[in-house]
J.: 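Right, I'll just put the structure down here and ask away after.
Ligands are counted one by one from 1 in listed order, and the atoms in each one are counted from 1 as well. We count residues from 1, following the sequence as given.
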Amino acid sequence: MIRQDAFRLFVASRFIEPVEQAFTSTFSTRFAETREPLAELAGIGAEIDGVVFSLDVPMREAAIAALPASIRVLATYSVGTDHIDLDVARARGIAVFNTPGVLADSVAENAIFLMLGAARRGTEAIDLLRQRAWHGWNPAQLVGVQLAGRTLGILGMGDIGRRIAERARALGMKILYCNRRPLAPELALGAGFRPTVEALVRDVDVLVLACPATEQTRGIVNAELLGQARSGLILVNIARGDLVVDRALIDALQTDRVYAAGLDVFAGEPAIHPEYFDLKNVFMVPHIGSATLEARLGMGQILIDAILAWQRGEVVPNQVC
Ligand code: DGY
């Protein structure tokens, strides 16, 4: 219900119940009633101060242009902001908040899960059992590769990348990373720097994509890059699907140039390139990196804190623009 004495928040996506309750008990909330939240919002008039939404409600130029003039805050329940036209939001003077930090452990755990699932032939192992086709242990069955002793390359050594590095080191892996610039030693955690993704891919057994999707990174994993990779690479994508050229990865998986892939995200999701389903060496999950109770509660709270701090005129650490 919308009250006039509190921040008026339009809740455009659906969230877990405690998060919705937290929004309701803090703000004057109005929940989207249809599957077209942006059309609803455009019809509301000037009653709303801010919108909370997630990747399922893209805020592109036209959507932002159609927002009621009263809207001064866009709070995205995600760390990624590639579903928002930030330039347009900035030009309209709208503050944008996101959810860094609180989901980083969960996303890093998912990266390890995908690495292990890909290395240990998780898809085949699960299929064998679920199809009731396992006839007993034998020494030649489902032989994968171990991670200990192998080298992990992290493309995008930010907060999430560093948490992946910590966990991978505990598994006995050596760590290299590629960022635009080398990190200070206390942030690099002993990982070796490579200045380009080409230099990185030549030296690693497992490549994890942990960078945002930008003009520079979209399609970065293409046939040319995979051609320079060590034979038997394991590729893990926990970032965004459009970092990968699907055709190139599928070709490399079919020919075993890439040993296996662990995929959480897909170009054009929820559509998934149909050939992935036919590849036994693809271990894939439907974009569940931040799907833990801990992360999802934290994501709600950090947005609530951001809006309250912004109302008080304070600097908000997770303000994107
Ligand atoms: C994000 O936060 O950007 C993830 O992709 C979903 O939590």
J.: Rounded to the nearest 0.5 Å, how far apart are CZ of Phe97 and CG of Asp305?
T.: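 Going from CZ on Phe97 over to CG on Asp305, the span is 11.0 Å.
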J.: Could you point out which residue of Thr214, Leu209, Asn222 forms a side chain to side chain contact (heavy atoms under 4.5 Å, CB included) with Leu243?
T.: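 Option passing the side chain to side chain contact (heavy atoms under 4.5 Å, CB included) with Leu243: Leu209.
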J.: List the residues meeting salt bridge (charged side-chain N to carboxylate O under 4.0 Å, His left out) with Arg72, not counting sequence neighbours, and say none if there are none.
T.: Asp49
J.: Do Phe23 and Leu9 come close enough that some side-chain heavy atom pair is under 4.5 Å?
T.: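 Sidechains of Leu9 and Phe23: in contact.
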J.: Check whether any side-chain heavy atom of Phe193 sits under 4.5 Å from a side-chain heavy atom of Tyr177, and report yes or no.
T.: yes
J.: Under a 4.0 Å heavy-atom cut-off, what residues line ligand 1?
T.: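 Residues near ligand 1: Leu55, Ser78, Val79, Gly80, Leu103, Arg240, His287, Ser290, Met299.
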J.: Check whether any side-chain heavy atom of Val51 lies under 4.5 Å from a side-chain heavy atom of Met59, and answer yes or no.
T.: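 In short, these two side chains touch, coming nearer than 4.5 Å.
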